Novice: 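For reference, the structure I am asking about is given below.
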Amino acid sequence: MAINSATAIAHPNIAFIKYWGNRDKSLRLPDNGSISMNLEELTTQTQVTFDPNLPGDIFDLNGHRQAGQSAQRVVAHLNLLRGLRGIGTKAYVKSENNFPEGAGIASSASAFAALTVAGIRALGIELPERDLSRLARRGSGSASRSIPTGFVEWYRGASDIDSYAVSIARPDFWELSDLVVIVDEKHKLTGSSEGHELAKTSALQSARVLDADKRIERCREAIQTRDFALLAETIEMDCNMMHAVMMTSNPPIFYWNPYTIEIITAVHAWRKSGIPVAYTIDAGPNVHLICDSEVETLLSDKISNFKWVKQLLIAHPGGPARLL
Ligand code: PMV
């Protein structure tokens with residue numbers, strides 16, 4: 001193959017209904033379906049260049065050559081993509097995130113979504129969205145949800161064939177904001193790949209999974225009818241259930257810190273006073289405040305009163321992964 005290059009961008013997403021636990025680890029088939037919102041202002045831009053002169057794959061992230069686990073995951077994903085054409089040509093992958101490292105924004109979703117879209121094009125292949133989503137899923141489960149636009153549902157599916165994500169509403173359908181309250185900038189101690197493995201050791205995981213379809217339906221309905229009260233109740237319950245599983249795994253994982261609880265307490269008080277805001281928390285201590293965009297400034301001001309908040313990032317519903 002001749003030298004062939006393509007560049008794509010993708011956004012990370014925040015899960016409203018969480019993915020936690022795989023029933024098939026290597027295919028990344030999830031225990032339950034999930035729902036998320038892409039985050040427009042945050043982006044990963046990735047260029048993939050297949051070059052027959054390269055002796056091995058190279059991965060640069062934010063200007064730094066990568067080695068170890070992060071490089072291995074990229075090589076494994078390139079192998080999956082190359083396998084579609086039955087070639088062994090090595091690639092140079094250059095990736096940049098516009099959001100700070102260690103800001104508690106999981107970059108694996110946007111990373112594997114952008115890598116999939118750019119890699120597939122650089123290989124000269126055209127695929128429908130669902131197949132791009134299925135491939136991105138193999139790099140990182142949540143990456144499947146960064147392929148379609150706006151508000152997205154990832155189907156649990158029965159197999160590799162039907163476990164992919166689709167858009168359930170366009171980004172402009174509902175003017176929501178995600179205020180990402182960074183209370184700790186350190187890297188998390190237990191990464192999500194390890195955490196997914198531990199989920200099955202919690203007696204609560206089966207109950208969480210059994211009830212997931214009901215929460216998915218409620219969340220989908222909340223989005224489609226723009227029902228903030230229903231959204232708030234559903235996403236907070238889902239988040240708490242995931243963290244209950246984490247805390248009761250063996251060994252247990254406690255991602256929250258005292259500031260996380262302070263924010264949760266504040267959110268409940270603010271909502272009680274009539275402000276449309278809810279919280280959700282991924283595999284870390286930082287809190288995503290999901291709110292009606294009308295109250296974004298009001299909430300930003302309130303959060304600035306917490307002097308221990310390290311950073312506040314604000315994002316809105318985002319578009320799909322796409323070629324540049
Ligand atoms: O895609 P992963 O393996 O990084 O897992 C994501 C896990 C959570 O962020 C905690 C939940 C989710 O659905 O995004």
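Whatever order the structure lists them in is the order used to number ligands and atoms, beginning at 1. On a predicted model such as this, the values are computed, not experimentally measured, just so you know.
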Novice: What atoms of ligand 1 come closer than 4.0 angstrom to any heavy atom of G141?
Specialist: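 Heavy-atom distances to G141 below 4.0 Å select 1 (O).
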Novice: What's the shortest distance from atom 1 (O) of ligand 1 to any protein heavy atom, and which residue and atom give it?
Specialist: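 Checking every protein heavy atom, the shortest distance to atom 1 (O) of ligand 1 gives S142 OG, 2.6 Å.
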Novice: Give a yes or no on whether a salt bridge exists between K310 and D184, defined as a side-chain N under 4.0 angstrom from a carboxylate O.
Specialist: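 A salt bridge is absent here (no side-chain N lies under 4.0 Å from a carboxylate O).
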Novice: Tell me, please: is A283 in heavy-atom contact with ligand 1, that is, under 4.0 Å?
Specialist: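 So A283 counts as touching ligand 1.
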Novice: Evaluate S140 for polar contact with ligand 1, using N/O atom pairs at a separation under 3.5 Å.
Specialist: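 Yes, S140 has an N/O under 3.5 Å of an N/O on ligand 1.
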Novice: Can you report which non-hydrogen protein atom sits closest to atom 7 (C) of ligand 1, along with the distance?
Specialist: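 Protein heavy atom with the smallest distance to atom 7 (C) of ligand 1: Y19 O, 3.6 Å.
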Novice: Is the H243 ring parallel, tilted or perpendicular to the W256 ring (thresholds 30°, 60°)?
Specialist: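 Because their plane-to-plane angle lies in the 30° to 60° range, the rings of H243 and W256 count as tilted.
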Novice: So which heavy atom in the protein is nearest atom 4 (O) of ligand 1, and how far is it from that ligand atom?
Specialist: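 For atom 4 (O) of ligand 1, the nearest protein heavy atom is S192 OG, 2.8 Å.
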Novice: Tell me which protein heavy atom sits closest to atom 9 (O) of ligand 1, plus the residue, atom name and distance to 0.1 Å.
Specialist: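 The closest heavy atom on the protein side is D282 CG, 3.4 Å.
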Novice: Counting only heavy atoms not in R130, do more than 12 fall under 6.0 Å of its CZ?
Specialist: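 Atom CZ in R130 is not crowded, with 12 or fewer foreign heavy atoms closer than 6.0 Å.
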Novice: When you measure from atom 5 (O) of ligand 1 to every protein heavy atom, which one gives the shortest distance, and what is it?
Specialist: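 Looking only at protein heavy atoms, the one closest to atom 5 (O) of ligand 1 is H196 NE2, 3.0 Å.
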Novice: Considering heavy atoms of the protein only, find what lies nearest to atom 12 (C) of ligand 1 and give residue, atom and distance to 0.1 Å.
Specialist: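 Result for atom 12 (C) of ligand 1: R145 NH2, 3.3 Å.
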Novice: Are side-chain heavy atoms of Y279 and I290 found at a separation under 4.5 Å?
Specialist: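 Heavy-atom side-chain distance check fails, nothing below 4.5 Å.
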Novice: Charged N to carboxylate O below 4.0 Å: is that the case for R215 and D238?
Specialist: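 Answer for the salt bridge query: yes.
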Novice: Evaluate salt bridge (charged side-chain N to carboxylate O under 4.0 Å, His left out) for E236 paired with R271, printing each intermediate quantity in order.
Specialist: CA-CA 12 Å; E236 289 187 359; R271 197 157 72 247; 2.7 Å; yes
Novice: So, is K18 polar-close to ligand 1, with some N/O to N/O distance under 3.5 Å?
Specialist: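 The answer is no, given that K18 and ligand 1 share no N or O pair closer than 3.5 Å.
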Novice: Could you tell me, atom by atom, which parts of ligand 1 come under 4.0 Å of a heavy atom of S108?
Specialist: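 Near S108, meaning under 4.0 Å from one of its heavy atoms, ligand 1 has 4 (O).
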Novice: Can you name the atoms of ligand 1, numbered from 1 with element, that are less than 4.0 Å from a heavy atom of A15?
Specialist: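 Those atoms are 12 (C), 13 (O), 14 (O).
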Novice: Give a yes/no verdict on a cation-pi contact between R65 and F59, requiring under 6.0 Å between NZ or CZ and the six-membered ring centre and an angle within 45° of the axis.
Specialist: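 That pair does not qualify as a cation-pi contact.
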Novice: I'd like to know whether the aromatic ring centres of W154 and Y19 sit less than 6.0 Å apart in this structure.
Specialist: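 Judged by ring-centre distance (under 6.0 Å), W154 and Y19 do meet the cut-off.
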Novice: Tell me, please: is A109 in heavy-atom contact with ligand 1, that is, under 4.0 Å?
Specialist: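 Flag not set, A109 not near ligand 1.
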Novice: Are L123 and F50 close enough that some pair of their side-chain heavy atoms sits under 4.5 Å apart?
Specialist: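 A side-chain contact under 4.5 Å exists here.
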